[in-house]
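The next block holds one structure in the form of structure tokens; read it before the comments.
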Amino acid sequence: MKELLLGKLNWEALPHEWFTIGGTGAFIALALLAVTVLTVTKRWKWLWQEWLTSVDPKRIGIMYFLVAGFMLLRGGLDAIMIWLQQSISVGGSSGYLTADHFQQVFTAHGNIMVFFVAMGFVFGLINYIVPLQIGARDLASPFLNTLGFWLYVGGVVMVNMFFALGGEYAATGWLAIAPLSESQFSPGVGVDYWIWSLQISGIGTTLGAINFIMTILRMRAPGMTLWKMPMFTWGSLCSMVMAVTVFPLLTATLFLLFFDRYLGTHFFTTLAGGDPMMYTNLIWMWGHPEVYILVLPAFGVFSEVVTTFSHKRIANYTSCVLGMIGVSAFALSVWLHHFFTMGAGADVNAFFGVMTMVIAIPTSVLVFTWIATMYKGRIRFTTPMLWFLGFIATFSFGGMAGVLLAVPPADFQLHNSLFLVAHFHTMVIGGVLFGIFAGISYWFPKITGVKLNERIGRYAFWCWLIGFVVAFTPLYVLGIMGATRRLDHYDASTGYQPFYIMALIGGLIIAVGVALQIVQIIASFIQKRQLRDTTGDPWDGRTLEWATASPPQFYNFSTIPQVTSRDAFWEMKQQGMPKPAYEDIHMPKNTAAGIYIAGFAFLACFAFVWDIVWLTVVSIIGVIAVVVVRTFDEHSEYTITAAEVKKLEAVRRKENPVTRSPKDDEEDMGLVEFIRIVVKFALGVIRGKLWRTR
């Protein structure tokens with residue numbers, strides 16, 4: 001009876017080691033803090049109605065930012081733990097982590113940073129900016145958008161569930177290569193948590209990608225052809241096409257691994273005709289394009305930043321677009337360079353080696369286009385521009401290291417070394433994270449109505465750049481010296497320790513940069529009177545998002561703009577803004593269906609982890625029931641009349657800051673005001689008294 005009700009769950013699954021007890025305690029403390037703040041400020045109803053059930057892509061984008069930011073701290077802590085262990089675990093000292101715990105931290109760090117940090121930030125930027133850039137009021141399917149977000153949140157919860165139940169995560173590396181991830185070698189629930197955290201978030205990514213593709217292809221403003229789209233929209237389109245291409249492959253691969261573990265099949269074991277190398281091929285057919293799925297939107301961000309702060313049009317728009325398309329195409333044909341050592345033969349290795357070098361051509365086209373755009377421009381070295389310049393320095397070096405790894409004989413020597421780890425982080429941090437930070441700095445006044453504090457932003461940038469160089473340059477050296485990946489202990493005679501200590505120092509400098517970014521945001525809201533954007537166009541921008549207020553109205557545009565050129569808003573400013581002609585606007589209603597479906601899906605995944613059959617059945621039925629009810633809901637939209645739109649626009653022009661919705665300010669104070677209350681509440685607690693909200 002116990003097994004029927006609870007499956008494999010027992011008392012041993014509760015936290016019983018220092019890291020699971022500490023992690024569980026930290027999450028409980030954060031939850032209690034959030035409950036306390038929301039209760040004291042009386043914002044539960046506001047949170048549910050205005051945010052959690054919202055289908056507004058701008059608010060969903062902000063929620064992506066918040067969750068991804070939290071996971072950045074979580075994954076960054078794992079990185080510091082890894083470097084600390086490697087810097088002290090030498091000779092007779094075994095460090096502070098066991099070998100198994102080290103591998104779990106190693107695996108969690110990779111999964112969190114790729115799936116739940118980089119993907120979260122990228123989807124946040126696409127949600128907020130793309131509809132504004134193409135002159136759309138919403139996405140093609142607002143419901144799919146909110147569902148995709150909540151499935152992503154379900155994955156975030158699942159990847160951290162081992163703290164509370166199970167006590168272990170996968171110790172297999174971030175891609176859980178078979179046969180190490182098979183039940184024979186990983187019998188616990190750690191790999192199951194890995195499978196279902198990636199599965200649920202990956203399905204959300206696929207749904208979101210389909211939604212963005214349809215939005216970009218079908219909902220552009222009149223006159224905006226494909227060859228007049230902004231570069232960030234182009235980068236997002238190429239990225240989402242790649243996501244739709246390869247994420248179903250990840251879903252299928254994870255199901256096959258689940259069948260091996262749960263049903264006793266042998267897809268990825270040598271027993272009964274299976275093949276572990278099939279898993280390696282399948283996972284990397286997704287894994288390498290995933291890097292470009294992340295970096296292409298970042299390339300779009302850099303294009304927008306360079307043109308704006310150089311006061312010039314993109315030097316060669318066609319070349320830039322073709323460069324992004326080329327990167328997307330070639331990225332699908334280079335996956336095997338991750339395992340040249342598999343023995344595929346000289347012909348196969350030569351093909352993938354050549355393709356790996358060829359992909360540098362469209363990437364170089366993009367870089368040279370940005371440099372040409374800067375040539376003879378009136379460059380402003382703002383924080384977004386600094387992130388771009390930092391990207392050029394780091395990404396170029398990492399790209400040269402990648403070309404070296406594309407040579408099979410060199411890869412044979414360096415493949416399983418820290419040289420590869422350093423190369424990967426150079427591309428992902430220098431390309432993806434720096435692009436994300438450039439985009440957030442660039443569009444922050446559009447998102448919040450408040451510009452970021454430039455001085456603190458510069459300090460954060462230099463900490464990131466210097467910390468990155470100090471942290472990852474030693475890894476290149478260690479790789480050449482022979483230090484392998486996932487190394488938790490080594491002999492003193494190797495001479496590795498000084499380089500590991502240097503890497504730890506670099507990681508701590510990066511941590512200071514992260515802390516400064518948090519301080520920068522808080523300081524910006526405290527100084528909101530001085531930093532407020534009342535124009536909607538603080539950077540003298542060129543694309544349509546700057547034609548809206550900061551932050552935009554919930555319907556984005558009172559009148560859908562007519563596009564006549566690539567730099568649509570720049571053209572409007574030169575010729576004079578058109579007189580608005582208001583019309584009725586149809587907008588989607590908020591819905592909690594996405595939360596309910598994601599909740600049931602999460603329970604189904606949890607039930608699979610612990611073999612709770614009845615919960616699996618109930619959860620799947622729950623998903624189907626909510627989908628059916630939502631499908632037959634004929635009242636999913638409401639109409640704002642032209643008169644109401646005219647009134648809202650008059651209030652916006654008269655009062656700045658912008659009215660964000662047709663409701664009274666008492667019901668929706670806006671994100672900026674809520675953050676101000678949270679900051680003052682925290683200061684009040686520190687001073688020993690609670691600050692009373694209005």
Side-chain angles (χ1 to χ4, degrees), residues 19 23 68 70-86 97 99-122 152 155-156 158-163 168-178 180-181 186 190-199 201-202 205 246-247 250 253-254 257 279-280 282-284 286-295 335 338-339 398 415-433 436 468 471-472 475 479 483-488 503 507 510:
F19 60 94
F70 170 76
M71 292 305 286
L72 176 62
L73 300 178
R74 165 78 173 82
L77 179 61
D78 284 343
I80 298 297
M81 291 177 66
I82 291 170
W83 275 322
L84 179 59
Q85 169 70 13
Q86 291 175 323
L97 298 176
D100 189 61
H101 186 195
F102 177 86
Q103 301 302 327
Q104 293 180 44
V105 174
F106 185 95
T107 303
H109 169 71
N111 294 148
I112 287 170
M113 298 305 268
V114 172
F115 278 91
F116 304 112
V117 176
M119 286 298 289
F121 278 126
V122 164
Y152 162 78
V156 167
M158 182 64 70
V159 82
N160 290 295
M161 274 296 294
F162 75 93
F163 282 112
E168 66 171 5
Y169 192 62
T172 55
W174 76 285
L175 290 180
I177 298 298
L180 186 57
S181 53
S186 300
V191 173
D192 298 305
Y193 275 132
W194 178 88
I195 290 173
W196 292 109
S197 63
L198 269 61
Q199 192 72 285
S201 63
T205 297
V246 301
F247 263 89
L250 173 67
T253 305
L254 293 177
L257 180 59
Y279 179 89
T280 306
L282 289 174
I283 202 69
W284 276 118
W286 161 82
H288 191 85
E290 165 67 3
V291 176
Y292 291 95
I293 289 170
L294 297 173
V295 84
W335 77 87
H338 288 276
F339 45 101
H415 180 76
N416 198 41
S417 73
L418 287 177
F419 189 95
L420 183 71
V421 173
H423 160 69
F424 179 82
H425 282 81
T426 302
M427 307 305 282
V428 173
I429 294 178
V432 179
L433 270 185
I436 289 167
F468 171 82
F472 291 99
L475 299 192
T484 60
R485 295 182 284 175
R486 299 183 286 274
L487 189 65
D488 66 289
I510 292 175

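Values below: all heavy atoms of this structure, side chains included; hydrogens, waters and symmetry mates excluded.
- Atom CG of Leu475 is separated from atom NE2 of His423 by 13.5 Å, given to the nearest 0.5 angstrom.
- Ring orientation note: the planes of Tyr152 and Phe116 are tilted relative to one another, at an angle of 30° to 60°.
- Residues Gln199 and Met158 are not in side-chain contact: their nearest non-hydrogen atoms beyond the backbone lie 4.5 Å or more apart.
- Residues Asp488 and Ile82 have side chains not in contact (no heavy-atom distance under 4.5 Å, counting atoms from C-beta outward).
- Atom CG of Asn111 and atom OH of Tyr193 lie 15.0 Å apart (nearest 0.5 Å).
- To the nearest 0.5 Å, atoms OG1 (Thr205) and CD1 (Ile293) are separated by 8.5 Å.
- Taking each heavy atom of Leu282 and Thr253 in turn, the nearest pair found is CB-OG1, 3.5 Å.
- In terms of the side chain to side chain contact (heavy atoms under 4.5 Å, CB included) criterion, residue partners of Arg486 (sequence neighbours excluded) are, by chain and number, Gln103, Phe106, Asn416.
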Carefully, step by step, assess His101 and Glu168 under the rule side chain to side chain contact (heavy atoms under 4.5 Å, CB included).
-> CA-CA 8 Å; His101 186 195; Glu168 66 171 5; over 6 Å; no

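- Minimum heavy-atom separation, Arg485 to Leu420: NH1-CD2, 3.6 Å.
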Test log, rule side chain to side chain contact (heavy atoms under 4.5 Å, CB included), inputs Val159 and Phe115 | CA-CA 10 Å; Val159 82; Phe115 278 91; over 6 Å; no

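- Aromatic ring centroids of Tyr292 and His288 lie under 6.0 Å apart.
- Atoms OG and CH2, on Ser181 and Trp194 in that order, are 6.5 Å from each other to the nearest 0.5 Å.
- Distance check: Asp100 CG to Gln104 CD gives 4.5 Å after rounding to the nearest 0.5 Å.
- Note: Phe162 CZ to Phe19 CZ = 7.0 Å, rounded to the nearest 0.5 Å.
- Taking the side chain as every heavy atom from C-beta outward, Val246 and Trp335 never approach each other to under 4.5 Å.
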Would Val156 and Met71 count as a side chain to side chain contact (heavy atoms under 4.5 Å, CB included) if you check the C-alpha gap in whole Å, the side-chain angles of each, and the deciding distance to 0.1 Å?
-> CA-CA 8 Å; Val156 167; Met71 292 305 286; 3.6 Å; yes

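- You'll find the side chain of Leu72 reaches within 4.5 Å of the side chain of Met113, heavy atoms only.
- Of all heavy-atom pairs between Thr484 and Leu418, the closest is O-CG, 3.8 Å.
- When all heavy atoms of Ala118 and Ile436 are compared, the pair lying nearest together is O-CD1, 4.0 Å.
- Residue Gln85 forms a side chain to side chain contact (heavy atoms under 4.5 Å, CB included) with just one option from Leu487, Val105, Leu97, Ile80, and that option is Leu97.
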Any chance you could lay out the side chain to side chain contact (heavy atoms under 4.5 Å, CB included) test for Leu433 and Val428, step after step, and finish with the verdict?
-> CA-CA 7 Å; Leu433 270 185; Val428 173; 5.6 Å; no

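- Note: Trp174 and Tyr169 fail the aromatic proximity criterion, with ring centroids not under 6.0 Å apart.
- Among all heavy-atom pairs drawn from Pro289 and Trp284, the shortest one is CD-O, 3.7 Å.
- Under the 4.5 Å side-chain criterion, counting only non-hydrogen atoms from C-beta, Val291 is in contact with Phe424.
- For residues 75-86, the set of pairs meeting the salt bridge (charged side-chain N to carboxylate O under 4.0 Å, His left out) definition, not counting sequence neighbours, comprises Arg74-Asp78.
- Counting all heavy atoms, side chain and backbone alike, Leu180 lies closest to Thr172 at CD2-CA, 3.7 Å.
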